[in-house]
Structure formats: C-alpha cells, structure tokens
Number of protein chains: 2
Amino acid sequence: MSPEQPAEPAGKSLFSLQRRERLMEELRAHGAITVRGIAAKLGVSELTIRRDVNILADEGLVSRVHGGATLPSKLDRSTAAGRPPHHSYSIGMVVPSLDYYWPQVISGARAEAEDQNLRILVRGSAYDAADNRRQVQALLDTQNIDGLIVAPDMTGDQGQELLRWLNALPIPVVLAERRSPIEIPAHRLEWVATDHAFGAGMAVRHLWQEGHRRIGCLTDSSSPTSPHVVRGWHQALAALKIPLEGSVHEDSAKPENGGRATHFDHVLALCRKTGTTAMLVHSDTQAVAFVQHCVDKGLRVPGDIAIVGYDDEVAYLAEPAISAVRPPKQYVGKVAVQLMAARLAEGRMRPVHRIELNPELILRESSAGAPQAPAAGMLQVPQ
Amino acid sequence: MSPEQPAEPAGKSLFSLQRRERLMEELRAHGAITVRGIAAKLGVSELTIRRDVNILADEGLVSRVHGGATLPSKLDRSTAAGRPPHHSYSIGMVVPSLDYYWPQVISGARAEAEDQNLRILVRGSAYDAADNRRQVQALLDTQNIDGLIVAPDMTGDQGQELLRWLNALPIPVVLAERRSPIEIPAHRLEWVATDHAFGAGMAVRHLWQEGHRRIGCLTDSSSPTSPHVVRGWHQALAALKIPLEGSVHEDSAKPENGGRATHFDHVLALCRKTGTTAMLVHSDTQAVAFVQHCVDKGLRVPGDIAIVGYDDEVAYLAEPAISAVRPPKQYVGKVAVQLMAARLAEGRMRPVHRIELNPELILRESSAGAPQAPAAGMLQVPQ
DNA sequence: TCTAGATCATTCACACTCGAACATTTGAGG
DNA sequence: CCTCAAATGTTCGAGTGTGAATGATCTAGA
C-alpha cells in the first residue's frame with residue numbers, strides 16, 4: 001500500500017463504487033456538491049471526482065453543473081428526459097442535524113421520494129422545540145407543503161406544546177426517530193423510529209455470549225436516543241440476571257464531569273472496581289474517543305475491556321475497529337416517506353401507522369473474544 | 001493480536017462455504033473488503049478470494065469492484081440485469097378463527113395480495129399453539145410457501161416454544177395481531193398489530209367527555225386481545241385521575257361466574273354500588289348481550305348506563321346500536337401482506353419492521369349524552 | 001462587454017488488479 | 001491403494017483506476 005496519502009480524513013481509501021455511493025449520499029443530503037469539496041472530503045483528486053460525476057451523469061443519477069453536481073433536474077437537457085416529473089406532492093422535512101446521523105436518513109427519504117415521485121424539501125434545525133417550530137412554520141409559509149416529516153425536540157413543556165401544535169396542523173405529519181408519548185393523545189401523529197432499546201439489548205446479549213458478566217453503559221443524556229438505550233440496557237441486564245447495582249452507568253454529558261479524559265479515567269476506575277469487562281457506549285463518536293483513551297492507557301481492546309458503540313457513524317474508523325449497533329437510518333427516511341405517500345394517497349380512511357425498525361449489530365474487533373484469559377498459556381505463534 | 005485470532009489457517013482450514021461466510025461477515029462489518037486484505041486474514045491466495053467474490057456477486061450478495069467487493073449497491077449495474085425474477089410468491093396464512101374478526105383481516109390480505117401479484121393460502125386453526133404448529137407444518141409440507149403470516153397462540157410454555165420455532169423457520173414470518181415479547185429475542189419476527197390499548201383509552205376518554213366519572217371494564221380473558229384492552233383502560237384511568245380501586249373490572253370468561261345472566265346481574269350490582277355509569281365491554285358480542293340484558297332489566301342505555309363495545313363486529317345490530325372501537329382489520333391483513341411482499345423482494349438487508357395501527361371509535365347511540373340524573377343515591381356528578 | 005481566475009477535457013505514466021491456463025493439493029469413493 | 005473431481009495456488013500478459021501536466025473552456029465580477 002502506498003503510505004504517502006495526503007492528509008486523508010477517511011483513514012482508509014474507498015473503492016470507486018463506495019466513493020460514488022458516498023457522493024450520492026452527500027448529494028441527497030445537501031442537494032448539491034462541489035467537486036472541490038467532495039474531493040477534499042474523500043481524500044482523492046478532483047479529477048477522480050469529475051470522472052465519478054460523469055459516470056453518474058451518464059446514468060442520469062446526477063445533473064452536471066460547472067464546479068460540481070446537483071440532483072437530477074428536468075432543466076438539465078443533457079439527460080434523456082423520458083419521464084414526466086409531475087411532482088404530485090411536496091413534503092417538508094425538518095431534522096435536527098445535517099452533520100451526524102441525519103444525512104443518511106435524508107438520503108433514504110430522498111431516494112424513496114424519487115421513486116414515489118414526490119418533491120422533498122429539507123431544513124436543518126437546532127435541537128430545541130422553538131427552532132423546530134420556526135423551521136416548520138417557515139416551510140409552511142414559503143413553500144407549498146402537503147405533508148411534513150419532522151424529528152422534533154420533545155423535552156419539557158415546550159416540546160409537549162410543539163407536539164400538540166404539530167398534531168393540530170392541517171397537513172399530515174410523520175415523526176422520524178421520535179415517538180408520540182401516550183400521555184399526549186396526539187392521535188393523528190404517525191411515526192417511524194428505531195427500536196433503540198432492542199439495539200442496546202442486542203449489544204448486551206452479544207457481550208454476554210462472548211463471556212462478559214459485568215456490562216456497563218456509557219451514555220450521553222443530551223441525546224434523545226439515550227433514554228431508550230438505557231432502557232434496553234436495563235431490560236437486558238434484568239433478563240440476564242445481572243444486578244443493576246454494581247453495574248457501571250455513567251453519563252458523559254454531565255457538566256460536573258470536567259474534561260473528557262478525566263471522566264474516562266473515572267469510568268475506567270469504576271470498571272476496575274466493579275469487575276466490569278465490557279461497555280456499551282452511546283454515540284460511537286464517544287466510543288471512538290473512549291477506545292482511543294483505553295489504548296493510550298495501555299489497556300487492550302477487547303482483551304481487557306470490550307466495547308460496543310451505538311450509531312455506527314464512525315465506529316469502523318477506530319483502531320481497533322469498534323463493533324456497533326447500526327440503526328437503519330436509510331430506512332427510517334424511506335419508511336417515513338412511504339408513510340407520507342400512503343397517507344396523502346389514501347386520506348383519512350387509512351389508520352394511523354406507527355412503525356418500529358430494528359437496528360443491526362455490526363461485529364468488528366472491539367468485542368471479539370472472551371474477556372482476557374488472565375494466565376492464558378502463550379499459544380503457538382505459527383508462521 | 002489475542003489468541004484465537006484467525007490470522008492463519010490455524011487448526012483447520014475452512015471449507016469454501018465457511019470462507020464465504022467469513023467474507024460476508026467482514027463485509028458487513030466494514031462495508032467493503034479488499035481481496036488482498038481478506039486473503040491475508042483467511043490465509044488463502046488472492047485468486048481464491050476473487051473466485052469467492054465472483055460466486056457471491058453472481059448471487060447478488062456483493063458488488064464487485066476493482067480490488068475487492070462492497071455491499072450490494074444500486075450503482076452496480078452488472079447485477080441489475082435480470083435479477084428481479086418477479087416470480088410470483090406464495091404466502092401461507094394461519095388464523096385462529098374463520099368466523100369472528102379474522103374474515104375481514106383475510107379480506108384485506110387477499111386484496112393486497114392480488115395487487116402485489118401474490119398467491120395466498122389461508123388455513124383456520126384452533127386457539128392453541130399445538131394446532132397452530134400443525135397447520136403451519138401442513139402448509140410447509142404440502143404447499144410451496146415462500147412466506148408465512150400467522151396469528152399464533154402465545155400463551156404458556158407451548159406458546160413460547162412455538163414462537164421460537166417460527167423464528168427459526170427458513171422463510172420470513174409476519175405475525176398478525178400479535179407481538180413478539182421482548183423476553184424472547186425472536187429477532188426475525190415482524191408483526192403488525194392493532195394498538196388495542198390506544199383503542200381502549202380512546203373509548204374511556206370519550207366516555208369521560210360525555211360526563212361519566214366512573215368507567216368500568218368487562219373483559220374476556222380468554223382472548224389474546226384482552227390484556228391490551230385492560231392495559232389501555234388502566235392507563236386512561238390513570239391519566240384521568242380515576243382511582244383504580246372502586247372501578248368495576250370483571251371477566252366474563254371466569255368459570256366460577258356461572259351463567260351469563262347471573263354474571264351480568266353481578267356486574268350491574270357492582271356498577272350500582274360504585275356509581276359506575278359507563279362500561280367498556282370487550283368483544284362486542286358480549287356487549288350486545290350485555291345491552292340486551294340491561295334493556296331487559298329496565299335500564300335505559302345510554303341513560304342509566306353507557307356502553308362502548310370492542311371489535312365492532314356486530315355492535316351495530318343491537319338495540320340501541322352500540323358505540324364500538326373498531327380495529328382496522330382490513331388494514332391488518334393488508335399491511336401484513338405488504339410487509340411480506342417487501343421482505344420477499346428486498347431480502348435480508350431490510351430491517352425488521354414492527355407496526356402498530358390505531359383503531360377507530362365508532363359512535364352510535366349506546367354512549368351518546370351525559371349520564372342521567374341519579375335515580376339512586378350517587379356520587380358527585382360534576383358538570 | 002471584457003478580463004482574471006477557476007474549472008474542465010485530454011493525454012500520458014504508473015501501479016495495482018484481474019483472469020486464463022496450467023500446476024498442485026485435498027478429499028471421497030471404489 | 002488408486003483414481004477422479006473439486007478446490008486451490010502460481011505465473012504472466014492484459015486491463016483498470018488514479019493522478020499530474022497541459023491547454024481549452026467556462027463563470028464571475030467589474
């Protein structure tokens with residue numbers, strides 16, 4: 001391998017097909033890309049990106065423009081405009097982040113919208129109810145929205161009020177990765193969400209099967225996902241008869257924890273004290289940092305401590321690569337659009353659908369094998 | 001590297017099938033593999049890996065790229081040629097009754113199957129796990145079933161064992177009006193079910209809004225639906241701050257209750273004692289009989305006692321016509337077939353879907369209007 | 001409208017990968 | 001023990017993907 005790579009953020013080089021896949025993802029997430037930007041992001045030359053764009057344009061998957069590419073447009077006369085676009089409906093989509101997690105959801109939604117011949121308008125928002133509402137209102141005011149897909153902040157009174165407001169909107173609303181709580185009879189709201197509790201349980205069971213008997217949990221309470229992960233962790237511990245007290249459960253978002261390194265040291269100390277040999281770490285960004293910290297401290301992963309991340313955004317980049325629970329992000333977007341399309345087509349007679357999707361557990365190195373065999377005889381070192 | 005590391009053909013070299021399995025594992029873990037890397041890891045020559053990749057690519061399990069392989073991609077047009085065989089599938093369907101409730105589910109399933117160009121084979125079964133299994137086995141043996149939609153009995157050890165067996169079947173399985181419990185990690189089972197708890201809650205809230213402050217529940221514990229109805233009733237009482245003790249909750253399936261008339265008299269006596277003016281009656285067959293009984297006893301419905309039935313099979317036949325919660329039976333069948341069709345078309349990559357549908361509340365005469373001025377001494381009747 | 005700067009297409013070179021033919025090993029059955 | 005067939009390894013010429021250089025073309029801004 002040629003190690004004279006220019007500062008490559010992606011760590012490992014991609015195959016051409018993956019590169020084009022990434023390119024399409026970026027395109028669907030942002031609506032347009034620049035050759036320069038993508039080249040830098042993927043760590044290849046601009047020429048390569050141009051070639052990719054040409055290939056994709058030949059298949060009609062993108063429209064070429066000077067300096068980059070956009071989603072296929074009917075204004076692009078180079079393509080064989082064989083289909084009547086006739087956008088029957090327009091859907092607004094408001095998501096809390098355009099950097100993490102959500103680009104893939106958007107990508108799945110865009111792909112499905114294209115199949116269903118729908119127009120989709122995406123807006124990013126802050127992680128708070130007031131801004132959620134502002135963004136939705138903006139879509140309602142300026143565009144002609146027939147339906148809304150949204151992942152609102154649901155915390156506090158503001159969140160509840162927002163839900164009520166959404167429920168009362170005159171257009172159908174689908175929540176993505178959110179559930180309407182039973183306390184609020186938001187009976188018109190449909191949703192599609194990943195069953196994060198199931199995902200966490202799957203991770204715990206996997207670690208149990210690998211031989212771990214003390215399995216901790218490191219979460220980030222600032223994320224809406226976290227409560228579900230913790231719930232799944234609890235349920236799995238109960239099912240496996242692991243006592244809750246004595247199990248490490250730390251929150252990396254608590255302000256009093258000081259610096260991250262300090263907190264990680266604290267967590268490791270707790271692990272040592274309780275005999276914990278495996279950790280489920282929510283947000284695999286955290287997991288990557290945690291593994292790095294462990295390695296720096298001379299701990300072997302997975303020998304001394306096994307790690308499973310949650311989200312699978314960057315888990316594969318770590319060294320060693322981190323096993324992670326992967327929510328079906330593309331499908332969340334896809335199913336949300338399917339729900340919306342069916343609702344728009346069938347109207348009120350269709351019953352309210354609420355859909356949970358199961359995540360997948362991706363096994364990599366960070367959780368392989370039993371917890372450290374203390375005095376394991378040196379096995380043969382063949383070859 | 002820890003012991004157990006399969007960096008070499010340690011112990012036993014793998015058979016080709018196992019090797020391809022490993023290859024797919026690595027692929028799932030990292031999204032892509034290099035021929036070189038995988039060859040080194042498995043201790044075989046690169047050519048062997050290339051041959052494996054070709055085999056897997058022919059089956060559409062991977063996409064070939066220069067230097068390795070990736071997960072199947074739509075951008076890979078080598079595979080898209082004649083892949084979708086559109087060979088029509090056959091679906092088996094086993095339901096616990098061909099008289100009550102299920103005919104409409106079957107009707108919805110049949111309609112959707114026709115749209116999707118699927119063949120569907122329906123079998124009735126008894127309400128017990130052993131017969132469920134017999135019927136499913138018969139379908140598997142005699143017909144050529146590509147998928148199974150089933151509403152099994154899930155009670156007791158036999159029910160759990162049945163679920164495990166279904167989960168292990170080599171064909172996709174969709175449960176209808178059943179949920180796989182979290183205790184059993186039946187992770188492959190998908191389902192579509194009515195949210196009966198929501199339906200019961202809707203009924204309670206409706207009665208509350210009509211002015212009732214004591215709302216009882218008459219259930220039939222022999223039905224799998226009943227626990228959910230009771231749960232919804234409980235949750236709604238809690239939300240409305242109606243104390244649970246003092247609320248009438250009777251089970252018409254309990255054997256010691258003697259004849260139906262006797263039991264109904266008992267229930268009415270309880271209502272009188274507790275000041276209950278409204279009842280949610282599960283299975284509207286029961287509701288019809290109960291209304292008849294009330295009328296016979298000279299009680300006015302809804303004047304003296306308001307009734308809401310559950311299921312809406314025959315509720316409209318009573319005199320007066322009974323308000324009832326109507327589960328979206330047609331849609332349960334329809335969505336089950338949709339799930340199955342999508343699963344058969346998309347294969348393993350599709351995440352497991354679990355869908356809840358909301359029922360509808362059909363308002364008729366038996367629950368209209370406020371409770372009448374007390375004939376006997378009653379508790380406070382505000383508003 | 002014109003100019004400066006950016007973007008694009010073409011060519012060439014290089015390294016790596018692929019596939020075919022042939023050689024070798026492995027395992028099952030006679 | 002032998003034979004055959006399937007699986008695997010080796011070699012080598014052809015093919016493929018990538019990047020640098022260069023000149024043509026395009027866009028933005030005055």
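Letters A, B, ... are given to chains in the order of the sequence lines, protein chains preceding strands, and every chain is numbered from 1. Side chains included, hydrogens not; waters and symmetry mates left out as well; all remaining heavy atoms used. Worth saying up front: this structure is predicted, and the values here are computed from it rather than measured.
What separates CZ of B:R19 from C1' of D:dA7 is a distance of 8 Å, to the nearest Å. Atoms CG (B:L17) and P (D:dA6) sit 16 Å apart, rounded to a whole Å. Put simply, CG on B:N54 is 9 Å from C1' on C:dG19, counting in whole angstrom units. Rounded to whole Å, atom P of D:dA6 lies 17 Å from atom CG of B:D52. Atoms CZ (A:R20) and P (D:dT16) sit 14 Å apart, rounded to a whole Å. At whole-Å resolution of the value, CD in A:E46 and P in D:dT18 are 15 Å apart. Atom CD1 in B:I55 sits about 12 Å away from atom C1' in D:dT8, given to the nearest Å. Residue B:R50 contributes atom CZ, which lies 8 Å from atom C1' of C:dG19 at whole-angstrom precision.
Remark: the A:H206 side chain and the A:S367 side chain contain an N/O donor-acceptor pair separated by less than 3.5 Å. Judged purely by distance below 3.5 Å, without hydrogens or angles, the side chains of B:S73 and A:E21 pair a donor atom with an acceptor atom.
Remark on DNA chain D: of its neighbouring residues B:V44 and A:F15, the 5'-side contact belongs to B:V44, judged by nearest-heavy-atom nucleotide.
Of the listed nucleotides (C:dC8, C:dG19, D:dT18), D:dT18 has the atom at the smallest distance from the side chain of A:S16. Here the nucleotide nearest the side chain of B:H66, chosen from C:dC8, C:dC16, D:dT8, is C:dC16. For A:R36, the listed nucleotide lying nearest its side chain is C:dT7; candidates were C:dT7, D:dG19, C:dG19. Of the candidates C:dC8, C:dC18, D:dG19, C:dC8 carries the atom nearest the A:R64 side chain, counting heavy atoms from C-beta on.
Within 4.0 Å of B:V65, counting heavy atoms only, lie sugar-phosphate atoms of the nucleic acid but no base atom.
Between A:I91 atom CD1 and A:Q143 atom CD the span is 13.5 Å, to the nearest 0.5 Å.
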- request: Take A:L17 and B:S63 through the side chain to side chain contact (heavy atoms under 4.5 Å, CB included) test and state the conclusion after the steps.
  value: CA-CA 9 Å; A:L17 196 76; B:S63 285; 3.7 Å; yes
message: Would A:V332 and A:Q104 count as a side chain to side chain contact (heavy atoms under 4.5 Å, CB included) here? Give the steps.
response: CA-CA 9 Å; A:V332 169; A:Q104 291 206 57; over 6 Å; no
With 3.5 Å as the limit, what N/O pairs link the protein to nucleotides 21-24 of chain D?
none

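Side-chain atoms of B:R51 and base atoms of C:dG19 include no donor and acceptor less than 3.5 Å apart.
OP1 or OP2 of D:dG9 has at least one side-chain nitrogen or oxygen of B:T48 nearer than 4.0 Å.
A salt bridge between A:D304 and A:K297 is absent, with no side-chain N of the basic residue lying under 4.0 Å from a carboxylate O of the acidic one. Ion pairing of A:K329 with A:E177 is absent here, as no side-chain N (NZ or NE/NH1/NH2) approaches a carboxylate O to less than 4.0 Å.
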